[in-house]
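FYI, side chains are in, hydrogens and waters are out, and symmetry mates aren't considered; it's all heavy atoms of this structure. Chain letters run A, B, ... following the sequence lines, proteins first, then strands; residues in each count from 1.
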Amino acid sequence: MDRRAELEERTRYEAPEVESRIFAAWQQADLFTANPDAPGEPYCIQLPPPNVTGSLHMGHALNGSVQDLLIRWRRMQGRNVLWQPGTDHAGIATQMVVERQLAADGITRHDLGREAFVERVWGWKESTGSTIIEQYKRLGTSMDYSRERFTMDDRYAPAVQQVFVELHERGYIYRDNYLVNWSVPLATAISDLEVEHKDVDDVLYEVAYAVEGGGEIVIATVRPATILADVAIAVHPEDPRYAAMIGKQAIVPMVGRRIPIIADERVEIEFGTGALKITPGHDPVDFEVGRDHGLEALSAIGLDGKMTDLMPEWEGLTAEEGHERAVEHLRQSGELREEIPYRHSVGFCQRSGARIEPLISLQWFCRMDELAKPAIDVVKSKEVRFHPERMEKIYLDWMEAIRPWCVSRQLWWGHRLPVWFAPDGSYVVQVERPEGDGWEQSTDVLDTWFSSALWPYATLGWPDQTPELAKWYPGDVLVTGRDIINLWVARMIMTGIAFAGGIPFTDVYINSTIQAADGRRMSKSLGTGVDPLDLIDQYGADATRYGLLKMCSTQDVRFAEGMIDEGRGLANKLFNATRLVLLNADPDATPTPNGLLSADRWILDRLAATIDEVTGQYEEFQFSAATKTLYSFIWNEFCDWYLEAIKARLYGDDAASKRAASETALLVIERTLGLLHPMCPFVTEELWSFLPQRGGLLAFSAFPTSEDIPRDPAAAATVGAIIEAITGLRRLRQDADLGPKAPLTATLSGDADAVRAEAPLLAALGAIELVDAAADGPAVPLPAGAATLHIQGDGLAGKLRDRLAKRLEEARAEAKKAESKLGNAKFVERAPEEVVAEERERVERFTRDAAELEAQLVALDAG
RNA sequence: GGGCGUAUAGCUCAGCGGUAGAGCGCUCGCCUCACACGCGAGAAGUCCCUGGUUCGAACCCAGGUACGCCCA
């Protein structure tokens with residue numbers, strides 16, 4: 001079947017068939033493969049590596065749509081693009097997935113042992129780790145799949161080791177006993193950023209401690225079991241209630257230990273009783289206070305989440321049981337004075353959901369203040385720009401108060417620390433195992449985010465000076481979600497400056513978070529998730545991309561399936577518009593700005609404006625606005641008006657007119673396909689293949705420019721006026737119960753020459769013929785000039801009486817409104833001249849309309 | 001506790017100083033030779049509340065209310 005016959009047959013755009021075919025064509029043409037030696041200014045986007053455990057969700061789909069739009073657009077502009085894909089090893093998440101598999105067989109990772117377990121995780125990764133990258137392909141993303149990286153693969157790991165060693169050499173990395181966020185079920189420390197805070201209803205217990213030499217002091221705590229580990233009581237130095245007690249000793253309930261009463265400004269006078277028990281082993285503030293006062297840190301709860309031997313008879317109880325025992329004990333002894341309901345914020349482990357146990361343990365930390373400094377400067381100086389701009393506040397607030405980063409994790413899946421322990425407990429930090437016997441590598445692994453912090457340069461081969469690194473570092477835009485600005489973006493900027501010689505990207509585009517339709521978080525566990533692959537099946541990839549880009553703005557949005565459906569409609573519309581033109585155009589026509597008639601000049605003017613507008617919107621990350629610009633140009637201006645206007649010419653006998661319409665329409669289609677391609681790559685590529693005299697793929701073609709398209713504001717204004725007149729005419733037909741195509745005649749009054757020249761347009765779109773006769777009959781005013789159409793028809797005015805009356809009322813009201821504005825001396829005096837002039841024009845126009853309508857009504861009532 | 005954001009048509013959202021907009025839904029009329037996944041027309045809004053700035057406020061400012069998110 002030849003292509004023309006094929007096109008004739010396909011009356012709908014069927015996405016699934018097209019998508020697989022077109023994607024294969026791109027692959028075959030090597031569209032995706034980046035070459036550092038190719039010409040063109042470099043342009044690079046690093047895909048935020050999804051977890052290997054992940055499957056494509058709405059956030060990925062949106063994120064991917066934005067990045068592919070940018071990559072395709074820049075590729076068409078002639079840039080040498082690289083979109084670097086890959087996945088993250090996601091320490092805790094991945095380890096948990098495999099542990100769950102083991103649990104199904106009734107075993108734990110400890111049964112397997114570390115080596116076998118890690119091997120098993122690798123096996124899992126090899127078999128299913130690329131799922132999400134494969135899913136991205138359904139969306140049509142043009143990443144360089146041949147360069148897929150994994151944060152633990154052989155080419156990536158050396159960078160991680162080297163950065164750790166260098167940070168240590170520069171004195172940033174150190175080992176310390178410190179109070180960390182401990183996740184009991186995961187048996188590991190986690191960073192501050194992996195802690196979620198939630199409000200919890202607790203009880204505030206007020207407990208009396210006896211004071212040596214008489215009296216007592218009452219403190220408030222929500223965790224009475226930690227009393228066992230108290231090392232002091234602190235009061236505010238200026239609190240008169242306790243001034244006399246400072247320096248005395250208190251007796252810890254239950255264990256009878258003597259502890260000092262100290263003064264510290266960090267105590268809140270207003271909170272509880274104003275006296276604070278100091279338990280450095282279980283509370284971050286207490287830990288600081290304890291260090292400053294040289295107090296030791298005791299632990300009532302161990303790393304296993306069980307009670308320690310501070311109270312020997314409770315040893316081995318869970319923390320919860322310890323809590324109950326303590327409350328019971330204090331009640332019986334009479335030392336428990338008050339139990340007050342208390343709602344406060346408590347930290348939970350993001351991964352396991354367990355309440356965080358702040359515990360002392362020996363961990364590796366990275367001091368961040370010096371790394372943060374230049375990273376703050378590059379954002380303040382706009383060397384790195386956030387979009388929307390306000391997002392930089394999230395970054396700066398965190399960076400300016402940055403704290404040491406606990407980088408070690410007690411997991412099995414991850415990058416082992418390049419730290420080697422000698423039998424005597426001393427250690428060295430270096431990549432290679434030291435010479436000699438007995439060296440053991442640290443059993444800790446690095447925080448997953450440590451390795452992803454190096455993503456923009458480790459993927460390009462750093463520390464080797466590869467051609468890729470030279471070409472594509474720094475990259476251009478990072479597209480990601482707001483939730484990982486600090487977790488990931490900040491750390492890439494810091495390590496990029498520290499190790500790769502500069503910022504990793506110049507723009508950070510933060511895409512919207514898509515909520516479920518009911519406003520809740522979109523998540524599988526809540527059952528509120530919508531699978532983007534289902535949307536692609538149902539509506540097509542182009543429609544899904546279009547809908548997501550339309551939803552995406554500077555704020556969080558609720559998922560609206562209607563926007564996807566709108567995209568489906570647009571793809572179908574464009575498909576059919578192209579069919580109309582290709583099947584009916586002059587066979588010799590080529591895409592040319594042939595402005596024979598004013599309608600042609602009008603659509604060319606609109607096309608040029610649309611090209612400029614969309615290009616600007618892409619440049620400014622205004623993707624939602626771009627969907628609107630393209631939609632209304634394609635659907636409303638091109639299809640509803642231009643194509644309707646030229647149908648008669650395409651079917652008609654006037655060769656020159658047919659040729660002009662064909663050439664202009666072909667040009668509009670050609671340019672529109674290019675404009676829309678970054679957003680909807682499949683349907684545009686498919687249609688491109690049908691265009692005459694166009695070789696090659698659209699994806700490789702030049703992005704449209706407006707340079708060679710003539711602008712014609714006069715034609716634009718004239719046709720704009722005709723469009724308004726025809727809309728008025730159609731309304732009149734409806735009101736008078738005339739059919740849409742019933743032939744009508746009309747006369748013109750006023751400044752009519754320009755309008756008379758457009759008689760064919762009026763005939764084509766309004767089914768109305770201009771005749772030379774006295775101006776009579778219901779009026780349709782033309783907005784741009786003083787001309788008025790008078791529609792002729794027997795009894796027409798009678799049918800329109802209500803409508804005329806209504807319009808008279810409206811015209812009077814508008815005229816009055818404008819008059820009263822002009823009656824305001826201050827308005828005339830202070831408003832800009834053109835605003836005042838416009839108001840004068842409105843008075844004139846509505847007064848004229850009103851007079852005309854009034855005359856018609858009078859004539860009607862008289863008759 | 002601190003910060004950020006949002007409240008506009010039935011729904012989802014644009015507009016962000018000069019005559020209230022779109023898509024969907026709804027009503028009416030059309031199987032008009034590209035598309036019924038279509039065409040034409042229409043109804044529908046104290047632009048959250050109260051003050052202020054301004055010739056003029058949905059838009060700027062202040063306060064309030066409601067909701068969402070982030071940080072500690």
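Rounded to an integer number of Å, the gap from A:I669 CD1 to B:C35 P is 15 Å. We find that OH of A:Y539 is positioned 13 Å from C1' of B:G23, with the value rounded to whole Å. In this entry the distance linking CD of A:E561 with C1' of B:G25 reads 15 Å, nearest Å. Separating the CZ atom of A:R733 from the P atom of B:G29 is a distance of 18 Å, rounded to the nearest angstrom. Protein atom CG of A:N584 is 10 Å distant from nucleotide atom P of B:C35, rounded to whole Å. Following rounding to the nearest Å, A:L582 (CG) and B:C35 (C1') show an atom-to-atom distance of 14 Å. For A:I646 and B:C33, the CD1 to C1' distance is 15 Å, given to the nearest whole Å. The distance from atom CZ of A:R390 to atom P of B:C4 is 11 Å, rounded to the nearest whole Å.
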Please tabulate the protein-to-nucleotide N/O contacts below 3.5 Å involving nucleotides 70-72 of chain B, giving atom names and distances.
unit_1	atom_1	unit_2	atom_2	d
B:A72	N6	A:S345	OG	2.9

Under-3.5 Å N/O pairs linking protein and nucleotides 42-45 of chain B:
unit_1	atom_1	unit_2	atom_2	d
B:G42	OP1	A:R731	NE	2.3
B:G42	OP1	A:R731	NH2	3.4

For nucleotides 13-15 of chain B, which of its nitrogen or oxygen atoms have a protein nitrogen or oxygen under 3.5 Å away, and what is each distance?
unit_1	atom_1	unit_2	atom_2	d
B:C13	OP1	A:R558	N	2.6
B:A14	OP1	A:S553	OG	2.9
B:A14	O2'	A:K628	NZ	2.8

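Remark: RNA chain B forms stems of 3 or more consecutive Watson-Crick or G-U wobble pairs, all pair distances under 3.5 Å, at B:1-7 with B:65-71, B:10-13 with B:21-24, B:26-30 with B:38-42, B:48-52 with B:60-64.
Residue order along RNA chain B, read from the 5' end via each residue's closest nucleotide, puts A:D397 first among A:D397 and A:Q734.
A:D447 is listed as a side-chain neighbour of A:R491, based on a closest heavy-atom distance under 4.5 Å. Within the 4.5 Å cutoff, the side chain of A:L607 has heavy atoms near those of the A:T672 side chain. With a 4.5 Å cut-off on side-chain heavy atoms, A:L359 and A:H282 count as touching. Counting heavy atoms from C-beta outward, A:L276 and A:D286 have side chains that approach closer than 4.5 Å. Counting only heavy atoms from C-beta outward, the side chains of A:R840 and A:V828 approach each other to under 4.5 Å. You'll find the side chain of A:Y178 stays beyond 4.5 Å of the side chain of A:C406, heavy atoms only. By the 4.5 Å heavy-atom criterion applied to side chains, A:E724 and A:T727 are not counted as neighbours. Counting only heavy atoms from C-beta outward, the side chains of A:F623 and A:L62 never approach each other to under 4.5 Å.
Annotation: B:G63 and B:C69 have their C1' atoms spaced 23 Å apart (nearest Å). As rounded to the nearest Å, B:G21 and B:C47 have P atoms that lie 14 Å from one another. Between B:G23 and B:A43, the distance separating the two P atoms is 15 Å to the nearest Å. If you take atom P in B:C70 and the same atom in B:C11, they sit 26 Å apart, rounded to whole Å. Nucleotides B:U54 and B:C60 are separated by 9 Å at their C1' atoms, to the nearest Å. On the C1' atoms, B:U8 is 26 Å away from B:G3, given to the nearest whole Å. B:U19 and B:G64 have their P atoms separated by 32 Å, with the value rounded to a whole Å. Taking atom P on both nucleotides, B:G15 is separated from B:A7 by 10 Å, rounded to a whole Å.
The residue from A:D654, A:N584, A:D600 that alone fulfils the side chain to side chain donor-acceptor pair (under 3.5 Å) condition with A:R649 is A:D600.
Using modelled atom types, one side-chain atom of A:R579 and one backbone atom of A:E8 make a donor-acceptor pair closer than 3.5 Å.
Ring geometry for A:F638 against A:F633 counts as parallel: the plane angle stays under 30°, on a 0 to 90° scale with 60° as the upper cut.
With A:F690 as the aromatic partner, A:R3 meets the cation-pi criteria of under 6.0 angstrom to the ring centre and within 45 degrees of the ring axis.
Nucleic acid contact class of A:N572 (heavy atoms, under 4.0 Å, all strands): base. A:D565 comes within 4.0 angstrom of no nucleic acid atom, judged by non-hydrogen atoms across all strands. Within the nucleic acid shown, A:R730 comes within 4.0 Å of sugar-phosphate atoms alone, with no base atom in reach, counting heavy atoms only. Among the atoms of the strands shown, base atoms are found under 4.0 Å from some heavy atom of A:K647.
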From CA spacing to verdict: side-chain contact (heavy atoms from CB on, under 4.5 Å), A:T664, A:Y642: CA-CA 10 Å; A:T664 302; A:Y642 186 67; 3.5 Å; yes
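Close to B:C39, at under 4.0 Å from its OP1 or OP2, lies a side-chain N or O of A:W635.
Residues meeting the side-chain contact (heavy atoms from CB on, under 4.5 Å) test with A:A818, sequence neighbours left out: A:E839, A:R842, A:V843. Among residues two or more places apart in sequence or in another chain, the side-chain hydrogen bond (donor to acceptor under 3.5 Å, both in side chains) test is passed with A:E19 by none.
The pair A:E838-A:K821 does not meet the salt-bridge criterion, since no charged nitrogen lies less than 4.0 angstrom from a carboxylate oxygen.
Taking every side-chain heavy atom of A:Y631 into account, B:G23 is the closest of B:C35, B:G23, B:G40.
Between the side chain of A:K573 and the base of B:C35 there is at least one donor-acceptor pair of N/O atoms closer than 3.5 Å.
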